[in-house]
Amino acid sequence: MDRKIEVSQEGHLLLGGCDAVKLAKQYGTPLYVMDETAVREAMRAYRQSIEEFYGGRGLICYASKAFACKEIYRIADEEGLGADVVSGGELYTALKAGFPAEKLVFHGNNKTDAELKMALENGVGRIVADSIEEVEGLSALAAELGCEAPILLRVTPGIDAHTHEFIRTGQIDSKFGLTLETGEAMEGVKKALALPSVRLLGLHCHIGSQIMDAAPFIHAGEVMMGFIAEIKAQTGVTLAELNLGGGFGIRYHEGDDPIAYAAYMAEVSEAIRKTADAKGIPTPFILMEPGRSIVGEAGTTLYTVGRRKEIPGVRTYISVDGGMSDNPRYILYQAKYDFLLANRAADRADETVTVAGKCCESGDLLGEGVSLPHAGPGDILAVCCTGAYNYSMASNYNRNPIPPVVMVRDGESRVIVKGQRYEDLIQYDV
Ligand code: LLP
């Protein structure tokens, strides 16, 4: 593993200046640990790049599906970000955290009427309409409530980003958005412009997640700008906003090599500006929705190693006290992570093992072909880069309680999400 890590004199992994072995002892395992400084730095980098590359004419909306809890909305707000929410539950959490509704972007390919009503009543700043039916429904609902629905229209730009098929969204065959090629998107724009109680602010696209190079983002930006120009030509209206979605990839494992962040921002903004000039339209107000690239690398999960099972000539299993219930990404996407022993972080790897979870399912693995120092019961295993789509995708499979989330910073730690107790597991049972 060639990831840069901090190790104490005792050889323990340090996270945000805290000894990971002590964290494991104090809070128990499995334990999600989030490095607050890393989260805030990522948010600031995004925010500053809006200043640098778009002259401040834009808003970074943290995609909270990557990791949602009250504290992360508070931090995003403190750092001057907006937020993307994709369900009534995320919207509720953000509002309860005191997040300003006008800086929320509300997504979903099948929002319920109750969710849309909640968004309108609370003054959500932008609702991303996903279909013509939703635009019509929003207009009727807004009229009923005596308000106007501020919307962006989600367009599927026909771009096939090279990432796992479950997290690709820009291609024609997608459940999301209005398709550009078929004319559905233009029809949606005209409908939105004609309806009395919706205010069409602009367009949205999201081409996928964990994308490693700038090319598909550039392509999407150009296609969307071309569409804004076409809308102007056909209707006379110049849409003011363009939301480019999220999807910037991170380095989970040595095979992952995302383009440098600044280069990606520079190349995409340049493409947008150039297309704007070529088409004779102004550069729109830009929104972006990064999730993984804000919280992913800031997170580490700590587990205690239990059973060690050696099958001669086959493989060695190291089982830990969590698994697909706290990190379903291996079973879903065969996601690869970096692993190390938090209590012997400086030791050299001397064997190759399969890290297994404790769930009752053979596929419940966290990694195969993992290089580790010889590990056995009581060792503390750290899995790097688990800040995104781990806690937010956790489940109670096998009635495993969802672990707590602890925030670390400058050698201090604090719980930001309490761990579930067994009594929590039966609280809805009748
Ligand atoms: N905006 C929209 C409309 C999205 O659908 C997503 C992610 C994002 C922004 C944020 O994308 P990010 O910057 O985090 O890549 N569970 C999968 C990822 C699903 C992503 C869904 N949408 C995983 O664990 O890899």
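As a basis for the values below, the full set of heavy atoms in this structure was taken, side chains included, without hydrogen atoms, waters or symmetry mates. Just so you know, ligand 1 is whichever comes first in the structure, and atom 1 is the first atom listed for that ligand. What you see is a predicted model, and the numbers here were worked out from it, not measured in a lab.
Figure legend: Arg154 and Phe176 shown as a cation-pi pair, the cationic atom lying under 6.0 angstrom from the six-membered ring centre and within 45 degrees of its axis.
Heavy-atom proximity to Arg154, at under 4.0 Å, picks out these atoms of ligand 1: 3 (C). Heavy-atom proximity to Tyr333, at under 4.0 Å, picks out these atoms of ligand 1: 16 (N), 17 (C), 23 (C), 24 (O), 25 (O). The Glu289 neighbourhood of ligand 1 comprises atoms 1 (N), 2 (C), 3 (C), 8 (C), 9 (C), 10 (C), 13 (O), with distances under 4.0 Å to a heavy atom of that residue. The ligand atoms of ligand 1 that sit less than 4.0 angstrom from a heavy atom of Ala63 are 8 (C), 9 (C), 10 (C). The distance from ligand 1 to the heavy atoms of Gly246 drops below 4.0 Å at these ligand atoms: 1 (N), 9 (C), 13 (O). Close contacts between ligand 1 and Gly247 involve ligand atoms 11 (O), 12 (P), 13 (O), 15 (O) [criterion: under 4.0 Å to a heavy atom]. Less than 4.0 angstrom separates some heavy atom of Pro290 from each of these atoms of ligand 1: 13 (O). Ligand-side atoms of ligand 1 in range of His107: 3 (C), range being under 4.0 angstrom from any heavy atom.
Between Lys111 and Glu134, at least one side-chain N (NZ, or NE/NH1/NH2) sits under 4.0 Å from a carboxylate O, which counts as a salt bridge. A salt bridge links Arg44 with Glu79: at least one charged nitrogen is closer than 4.0 Å to a carboxylate oxygen. Between Asp277 and Lys274, no side-chain nitrogen of the basic residue sits less than 4.0 Å from a carboxylate oxygen of the acidic one, so the salt-bridge criterion is not met.
Taking only nitrogen or oxygen atoms, main chain and side chain alike, Arg292 reaches within less than 3.5 Å of ligand 1. Here's the thing with Ala66: none of its N/O atoms is less than 3.5 angstrom from an N/O atom of ligand 1.
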### Task
Run the numbers on Gln420 and Asn396 for side chain to side chain contact (heavy atoms under 4.5 Å, CB included), then give the verdict.
CA-CA 10 Å; Gln420 290 179 337; Asn396 285 127; 2.7 Å; yes
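Side chain of Ser293 to main chain of Pro290: no donor-acceptor pair is present (N/O by atom type, distance under 3.5 Å, no hydrogens or angles).
Under 4.0 angstrom from ligand 1, the non-hydrogen atoms of Asp84 all belong to its side chain.
The aromatic rings of Tyr337 and Tyr252 stand perpendicular to each other, their planes meeting at an angle above 60°, with 30° marking the opposite boundary.
Between Phe67 and the options Tyr62, Tyr391, Tyr32, a ring-ring contact (aromatic ring centres under 6.0 Å, His included) holds for only Tyr391.
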